[in-house]
Asks: 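I'd like to ask you about the structure that follows.
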Protein chains: 2
Amino acid sequence: MSQGVIELETSLGYLLKETSSALRTAMEAVLRPLGMTMTHYSCLELLAQRPGLSNSELARGAFVTRQSMNVLLQTLEREGDVTRPAEARVGKVLPTQLTPAGRRRLEEASAAVRSVEVRMLRDLAPEEQTAARSILRSMIANLRAHEEA
Amino acid sequence: MSQGVIELETSLGYLLKETSSALRTAMEAVLRPLGMTMTHYSCLELLAQRPGLSNSELARGAFVTRQSMNVLLQTLEREGDVTRPAEARVGKVLPTQLTPAGRRRLEEASAAVRSVEVRMLRDLAPEEQTAARSILRSMIANLRAHEEA
DNA sequence: CACCGTATGTCAGACTACTGACATGAGTCA
DNA sequence: TGACTCATGTCAGTAGTCTGACATACGGTG
């Protein structure tokens, strides 16, 4: 089975890609009217839940490189959604904070994102959602297990 | 629950994004030595299973726009992995075919991709994999349900 | 037949994220 | 103290994908 040809219809890798593609499309569709991208939103959401996160920490949380997050933060800073100190108090880490304006923009976006997530899970029983979490966490752990080798 | 603040740790949307990020990273890591990208591979795999697919059909199967697939096909054609007729026999559709060289490249890549998928599912019992397929298909259907509205 | 909606292939420009590279600061250890 | 390792912030260049736009071809319907 796992040795044979990959069957697209049943391959979990393919199905996972299809799901994330559909999710991404749906998210972008509701965020576009707000002038936001998915990474954009992820960054603000992370800052709301854990104020003072640094550039690198935000990058890890949003699953992009710290270089990508850096240019995003520069944009967000220019638009007045976040603030960063000009100089680091310790080391090179620049803790980022949400501005009131940024918090307002986040609330709009958060409602939109939430509606997509609710729609995605409409048909799923609570037990199925629990199972899904468990399965996805297992996949993540397995995928990352090989990295340190 | 679904009304409150999104908890990153338990949000299935976030978990899904994390999983696809990990999968993508792992895939790119094994494909890079072969000089291939994920979409690259998807295209060849689709052509192996369903020869004669058109540009637009390949794009849908690989979850990119037909514009993106078009530039990829031009590259693949230049490198001698696929062939397309210069003119359409009917309509504008140009059926694409894998060359022997493309088939060889695909076999290398396929083995690499398969190994990642096997690793990802290492800890998952067959029933869990079946459940995962069912859950992901449900998510996809729900996400797409709203598009035609 | 003419018309309209849909699908396709393609070109061009813009955007996003990535890799590579560098300098700087913190922590560890001999 | 000095050397080494690691993490961070940032700049620059590159690659992949996207949106916008256009011409063309098919299919149905008036």
Side-chain angles (χ1 to χ4, degrees), chain A residues 17 20-29 31-33 35-43 52-79 82-96 147-148, chain B residues 17-18 20-29 31-44 52-79 82-97 147-148:
Chain A
K17 191 176 175 186
S20 74
S21 167
L23 178 59
R24 178 185 176 83
T25 300
M27 289 292 189
E28 286 178 349
L31 287 176
R32 182 179 311 278
M36 288 178 90
T37 180
M38 190 59 212
T39 312
H40 214 100
Y41 159 76
S42 298
C43 179
L53 247 42
S54 72
N55 176 31
S56 291
E57 292 168 323
L58 287 168
R60 279 190 290 270
F63 312 113
V64 296
T65 62
R66 66 187 196 278
Q67 291 92 326
S68 299
M69 183 54 71
N70 192 32
V71 313
L72 175 57
L73 277 182
Q74 288 174 356
T75 304
L76 288 173
E77 199 171 6
R78 177 162 21 87
E79 294 177 353
V82 307
T83 52
R84 279 194 297 179
E87 288 186 6
R89 293 190 62 256
V90 54
K92 301 189 68 178
V93 176
L94 299 175
T96 311
E147 284 177 12
E148 303 96 53
Chain B
K17 190 176 174 186
E18 184 167 5
S20 73
S21 167
L23 178 58
R24 178 185 176 85
T25 300
M27 289 292 189
E28 285 178 349
L31 286 176
R32 183 179 310 279
L34 305 176
M36 288 177 91
T37 182
M38 191 58 211
T39 310
H40 214 99
Y41 159 76
S42 298
C43 178
L44 296 184
L53 247 43
S54 72
N55 176 30
S56 290
E57 292 168 324
L58 287 168
R60 280 191 289 269
F63 312 112
V64 296
T65 62
R66 65 187 198 276
Q67 291 92 326
S68 298
M69 183 54 71
N70 193 32
V71 314
L72 174 57
L73 278 183
Q74 288 173 357
T75 304
L76 287 174
E77 199 171 7
R78 178 160 23 85
E79 294 177 353
V82 306
T83 53
R84 278 195 298 179
E87 289 185 6
R89 293 190 63 257
V90 53
K92 301 189 68 176
V93 177
L94 299 176
T96 311
Q97 299 286 344
E147 284 177 11
E148 302 96 52

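In what follows, every chain begins at residue 1, and chains take the letters A, B, ... in the order their sequences are listed. This structure is a prediction, so every number in the text was calculated from the model and none was measured. Because only heavy atoms are used, hydrogens play no part in the values below, and waters and symmetry mates are left out as well, while side chains stay in.
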Asks: Please report the shortest heavy-atom distance between T37(B) and L31(B), naming the atom on each side.
Replies: O-CD1, 3.8 Å
Asks: Please report the end-to-end axis angle for the helix from dC1(C)-dG30(D) to dA30(C)-dT1(D), five pairs per end, rounded to 10 degrees.
Replies: 20°
Asks: With a cut-off of less than 4.0 Å, is there a side-chain N or O of R60(B) near OP1 or OP2 of dT8(C)?
Replies: yes
Asks: Report which part of the nucleic acid Q74(B) touches: base, sugar-phosphate, or nothing (heavy-atom distance under 4.0 Å, all strands).
Replies: sugar-phosphate
Asks: Tell me, please, which residues at least two apart from Q74(B) pass side-chain hydrogen bond (donor to acceptor under 3.5 Å, both in side chains).
Replies: none
Asks: Apply side-chain hydrogen bond (donor to acceptor under 3.5 Å, both in side chains) to E77(B) and list each qualifying residue two or more places apart in sequence or on a separate chain.
Replies: none
Asks: Partners of R32(B) by side-chain hydrogen bond (donor to acceptor under 3.5 Å, both in side chains), sequence neighbours excluded?
Replies: none
Asks: For residues P95(B) and P85(B), report the shortest heavy-atom separation together with the two atoms involved.
Replies: O-CD, 3.1 Å
Asks: Could I get the full list of side-chain hydrogen bond (donor to acceptor under 3.5 Å, both in side chains) partners for T96(A), not counting sequence neighbours?
Replies: none
Asks: Each nucleotide N or O in nucleotides 12-17 of chain C that has a protein N or O under 3.5 Å away: list the pair and distance.
Replies:
residue	atom	partner	partner atom	Å
dA17(C)	OP1	T39(A)	OG1	2.5

Asks: What residue pairs, at least two apart or across chains, pass side-chain hydrogen bond (donor to acceptor under 3.5 Å, both in side chains) with a residue in residues 57-69 of chain A?
Replies: S54(A)-E57(A), T65(A)-S68(A)
Asks: Should we count CZ of R24(B) as having more than 12 external heavy atoms under 6.0 Å?
Replies: no
Asks: How does protein contact run along nucleotides 22-28 of chain C, one letter per nucleotide 5' to 3', with B for base contact, S for sugar-phosphate only, - for none, heavy atoms under 4.0 Å?
Replies: -BBSS--
Asks: Please state how far atom CD in E57(B) lies from atom P in dA7(C), giving the value in whole angstrom units.
Replies: 13 Å
Asks: Mind checking side-chain contact (heavy atoms from CB on, under 4.5 Å) for L72(A) and listing every partner two or more places apart, or none if nothing turns up?
Replies: T39(A), H40(A), C43(A), M69(A), L76(A)
Asks: Under the 3.5 angstrom rule, does the side chain of S21(B) hit a backbone N or O of K17(B) as a donor-acceptor pair?
Replies: no
Asks: When the distance from CE of M69(B) to P of dG9(C) is rounded to whole Å, what number comes out?
Replies: 11 Å
Asks: How many angstroms lie between CG in L53(A) and CG in L94(A), if you round to the nearest 0.5 Å?
Replies: 12.5 Å
Asks: From the 5' end of DNA chain D to its 3' end, which nucleotides mark the outer limits of contact with chain A, defined by a 4.0 Å heavy-atom distance cut-off (strictly under)?
Replies: dT8(D) to dT19(D)
